Amino acid sequence: MGKVYVLKEPGRDKAWNIYTLREAARLKRWFQGVYYSPRLKRLLAVFKPTPGTHVNMLVFEEIGESVLRDAYKMECPRGCNRCCVIRSGAFIVENELRWLPGEVRDRITRQPSELIRTPGGWVRIYRLDTETMGRCIFFDVGEGSCTLEKYGKHAKPIVCLLTYCTVFATRDGKLYLKKGYRVHRDGRADIHYEEVDKKTWSRMVSRMGSIWARYRKIHREAGREAGT
Ligand code: SF4
Ligand code: SF4
């Protein structure tokens, strides 16, 4: 049985967090998903690298796979798009570019960038949130999808793979919606999930997707006007 590693909790220091993201990006192809463990009261970014892969234990910790047995898997259903369409804050770490085709890399390296001094040396990050209202450059407004998806499951920036609103979750093939949460002083969180049917789930997706729907309408109208 392979070992399971999770990222340590993020800190308050930006340089440390960027270093963590760079190290996590190295193991991107073994990323399993983000889980909420009611037992640990903690979100877990889970990676399962093949044996022999170097894992940086400064940013990762090993956990027993049994912790995941009662954990909820965070989901990002198609149709919401809230995280991509406005104020996305999206960026990509330089070491992630190597998995992308040349034309995509060129597009990214033309974006504004920032060089950050991290405990592991200088790391460059490229901003992707430079379209109107902070929309990500890779978000297809009409389709409501990330155009990086066509390059493979792990082509998306690590920050997008790790960031979840925690509203939608699945466990043992069942659908759940977040009903409430409480954060303790030590940072641990109680997230309460309630099982729902497909209809209730879809209603929530539509509700969450209303921002994208409005944005798409304005985007289409602006496109029509520009074409006349
Ligand atoms: S708000 Fe949640 S469901 Fe919507 S795009 Fe972001 S992570 Fe996905
Ligand atoms: S890279 Fe893809 S998933 Fe990430 S913000 Fe941009 S469109 Fe969304």
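Given the structure is predicted, the values throughout are model-derived calculations rather than measurements. As the structure lists them, so they are numbered: ligands from 1, and atoms in each ligand from 1.
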Hey, are T170 and K73 close enough side-chain-wise for a donor-acceptor pair under 3.5 Å? no

Is a side-chain donor-acceptor pair under 3.5 Å present for Y19 with N56? yes

Interfacing atoms of ligand 2 (cut-off 4.0 Å, heavy-atom, C136): 1 (S), 5 (S), 6 (Fe), 7 (S)

Which of the atoms of ligand 2 are close to C160, meaning less than 4.0 Å from one of its heavy atoms? 1 (S), 3 (S), 4 (Fe), 5 (S)

Atoms in ligand 2 flagged as close to P157, the criterion being non-hydrogen separation under 4.0 Å: 1 (S)

In terms of the angle between their ring planes, are Y72 and Y193 parallel, tilted or perpendicular, with boundaries placed at 30° and 60°? tilted

If the test is side-chain contact (heavy atoms from CB on, under 4.5 Å), which one of V46, V67, L43 qualifies with Y35? V46

How are the rings of W201 and F168 set to each other: parallel, tilted or perpendicular (split at 30° and 60°)? perpendicular

Relative to Y215, does K217 satisfy both conditions: NZ or CZ under 6.0 angstrom from the six-membered ring centre, and within 45 degrees of the ring's axis? no

In the shown structure, where waters are left out, how many protein N, O or S atoms lie under 2.8 Å from atom 6 (Fe) of ligand 1? 1

In terms of residue, atom name and distance, what is the protein heavy atom nearest to atom 2 (Fe) of ligand 2? C146 SG, 2.4 Å

Begin from the C-alpha positions of E149 and K156 and carry the test side-chain contact (heavy atoms from CB on, under 4.5 Å) through to its verdict. CA-CA 7 Å; E149 278 171 2; K156 284 185 186 182; 3.2 Å; yes

A student checking ligand 2 against F138 at a 4.0 Å heavy-atom cut-off should list atoms 7 (S)

Kindly indicate whether the side chain of E114, heavy atoms from C-beta on, has any atom under 4.5 Å from the side chain of R124. no

Would you mind running through ligand 1 and noting each atom that sits below 4.0 Å from a heavy atom of F168? 3 (S)

Output the list of atoms in ligand 2 that are nearer than 4.0 Å to some heavy atom of A90, sorted by atom number. 5 (S)

When you measure from the centre of the six-membered ring of Y176, is the NZ or CZ of R171 closer than 6.0 Å and no more than 45° off the axis? yes

If we number the atoms of ligand 2 from 1 as shown, the ones under 4.0 Å from a heavy atom of F139 are 7 (S)

